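Working notes, beginning with the structure itself.
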Amino acid sequence: MPVVGLLDQRSPDELADRLRGFRQGLKDSDFVEGQNVAIDYRWAQNKEDRLPELAADLVRRRVAVIAATGGIGPTLAAKAATTTIPVVFIVSDDPVRLGLVASLARPGGNLTGINFFNVELTAKRLELLRELVPATTRVAVLINPANTEYTETTVREVGAAARTIGLQIQVLNASTSREIDAAFATIVRERPDALFVGNDAFFNARRVQLALLAGRRGVPAILSDREYAEAGGLMTYGSNIVDVYRQVGVYAGRILKGAKPADLPVVQSTKFELVINAQTARMLGLTVPPTLLATADEVIE
């Protein structure tokens, strides 16, 4: 029975829907866990420094393919660990610029995967935030400084988009749970009109904390991952991440059937979804415009 290694910097209880998507992708390629394929999971439990050893462990296990999920960290760890075992990644930045592949059409090495759009949707997220909270003029931007690859791009893109629509931004840093608490203490003191949370696996893992703090402090916030709205957050807009994981499973299955990553084009995500938590909006004293309700893919009551 072939073995697929899955490497992620979070913990499994945070990713139930995404893992179902991954297994569905394998099933779409005729592989069912426990029947004709095994999945060897490696979780870093939100400790990114564990990723290199976990990746090396999968290499020693001689898995047939590594699915590197949860951002650039697992992907770079897998890339450093092997030049022969196929790696299927998920990244939200340009994989060519990151040095992962030679080109999107012909990756050329042992890596390929899914490029889901995140930074490119920055302006749209700010516009949605302004549409829901028209009086917004100052926006706090929460980023994880430990994630240097995405942080620099996010700050640059948010700044450019904010200037275009006349918003002022204030950048706040957080890479631990306590630092998230400290960032919200600053928000209470500085009183920005809204909060934009950068895309980051750590923030996704802390989505319940973020939703609770934003609700308690009365701060309208937008993130990229729908799980935030499901956890009680106000609004999300981004790629359909469950479908992204499904596509990773499809590619892993194709590789198990003999396809080579060098010949599998990087897939660019085309499914985006707007999710609004209407109950949270009411709690914050916000009236969701009918136009926004009409365009939402899901409204949580």
Side-chain angles (χ1 to χ4, degrees), residues 2-46 54 58 63-75 78 86-93 95 111-118 121 199-208 223-231 233 236-257 259 261 264-275 277 296-298 300:
V3 178
V4 174
L6 188 143
L7 178 65
D8 197 289
Q9 66 191 51
R10 292 159 293 185
S11 58
D13 57 331
E14 300 162 6
L15 303 171
D17 288 341
R18 302 184 185 199
L19 290 175
R20 277 194 290 272
F22 175 69
R23 296 187 189 104
Q24 182 60 51
L26 281 170
K27 188 176 181 180
D28 292 345
S29 298
D30 305 317
F31 289 97
V32 177
E33 183 179 15
Q35 294 184 17
N36 59 352
V37 68
I39 305 176
D40 203 346
Y41 301 93
R42 292 292 183 274
W43 307 103
Q45 303 290 341
N46 294 308
L54 294 174
L58 288 174
V63 296
V65 57
I66 297 175
T69 61
I72 189 63
T75 301
V87 176
V88 183
F89 58 71
I90 298 176
V91 295
S92 62
D93 207 343
L111 280 77
T112 188
I114 316 301
N115 176 206
F116 73 94
F117 294 106
N118 175 53
L121 305 179
N199 181 62
D200 187 85
F202 168 67
F203 290 148
N204 174 262
R206 304 304 305 171
R207 59 187 177 272
V208 174
L223 280 80
S224 60
D225 299 324
R226 67 171 293 129
E227 291 100 332
Y228 173 71
E230 292 170 349
T236 64
Y237 181 71
S239 296
N240 183 322
I241 200 67
V242 173
D243 188 65
V244 168
Y245 273 69
R246 184 193 65 80
Q247 291 173 316
V248 171
V250 169
Y251 259 20
R254 290 182 62 181
I255 288 170
L256 292 177
K257 288 183 174 181
L264 292 175
V266 173
V267 176
Q268 292 189 299
S269 178
T270 57
K271 290 186 178 181
F272 310 111
E273 54 185 2
L274 169 63
V275 182
N277 191 313
D297 296 274
E298 183 176 349
I300 298 174

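Quick caveat, the model's predicted, so the values are computed rather than measured.
At least one side-chain heavy atom of Val266 sits less than 4.5 Å from a side-chain heavy atom of Phe89. Using a 4.5 Å heavy-atom threshold, the side chains of Val242 and Arg20 count as separate. Within the 4.5 Å cutoff, no side-chain heavy atoms of Pro261 are placed close to those of Leu111. Between Glu33 and Leu26, every side-chain heavy-atom pair lies at or beyond the 4.5 Å cut-off. Annotation: side chain of Asp93 is not in contact with side chain of Ile72 (no heavy-atom distance under 4.5 Å).
Between Asn277 and Ala229 the shortest heavy-atom distance is ND2-O, 3.0 Å. Between Arg254 and Ser29, the shortest heavy-atom distance links the atoms N-OG, 4.1 Å. Heavy atoms only, all atoms of each residue included: Val4 and Phe22 are closest at CG1-CZ, 4.0 Å. Between Arg23 and Tyr41, the closest heavy-atom pair is NH2-OH, 3.1 Å. Residues Glu273 and Asp297 share a closest heavy-atom pair of CA-OD2, 3.1 Å. For the residue pair Pro74 and Gln9, the shortest heavy atom distance occurs at CD-OE1, 3.4 Å.
Note: Ile90 CD1 to Gln247 CD = 9.0 Å, rounded to the nearest 0.5 Å. Considering CZ of Arg42 and CG of Leu7, their distance stands at 9.0 Å, rounded to 0.5 Å. Note: Lys27 NZ to Arg246 CZ = 13.0 Å, rounded to the nearest 0.5 Å. In this structure, CD in Gln45 is found 7.5 Å from CD in Glu14, a value given to the nearest 0.5 Å. Between the OG1 atom of Thr69 and the CG atom of Leu6 there is a distance of 4.5 Å, given to the nearest 0.5 Å. Atoms CZ and CG, on Phe31 and Leu256 in that order, are 4.5 Å from each other to the nearest 0.5 Å.
Between the side chain of Asn115 and the backbone N or O of Ser269 there is no donor-acceptor pair closer than 3.5 Å. For Ser224 (side chain) and Asn199 (main-chain N/O), no donor-acceptor pair under 3.5 Å exists by modelled atom type. With hydrogens and angles ignored, the 3.5 Å screen pairs no side-chain donor or acceptor of Asp40 with any backbone N or O of Gly5.
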Carefully, step by step, assess Ile39 and Leu19 under the rule side chain to side chain contact (heavy atoms under 4.5 Å, CB included). CA-CA 11 Å; Ile39 305 176; Leu19 290 175; over 6 Å; no

Does the pair Asp17 and Arg226 meet the rule for a salt bridge (Lys or Arg N to Asp or Glu O under 4.0 Å), with working shown? CA-CA 11 Å; Asp17 288 341; Arg226 67 171 293 129; over 6 Å; no

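More than 12 heavy atoms of other residues, nucleotides or ligands shown are found within 6.0 angstrom of NZ on Lys257.
Salt bridge Arg18/Asp225: present, at least one basic N to carboxylate O contact under 4.0 Å.
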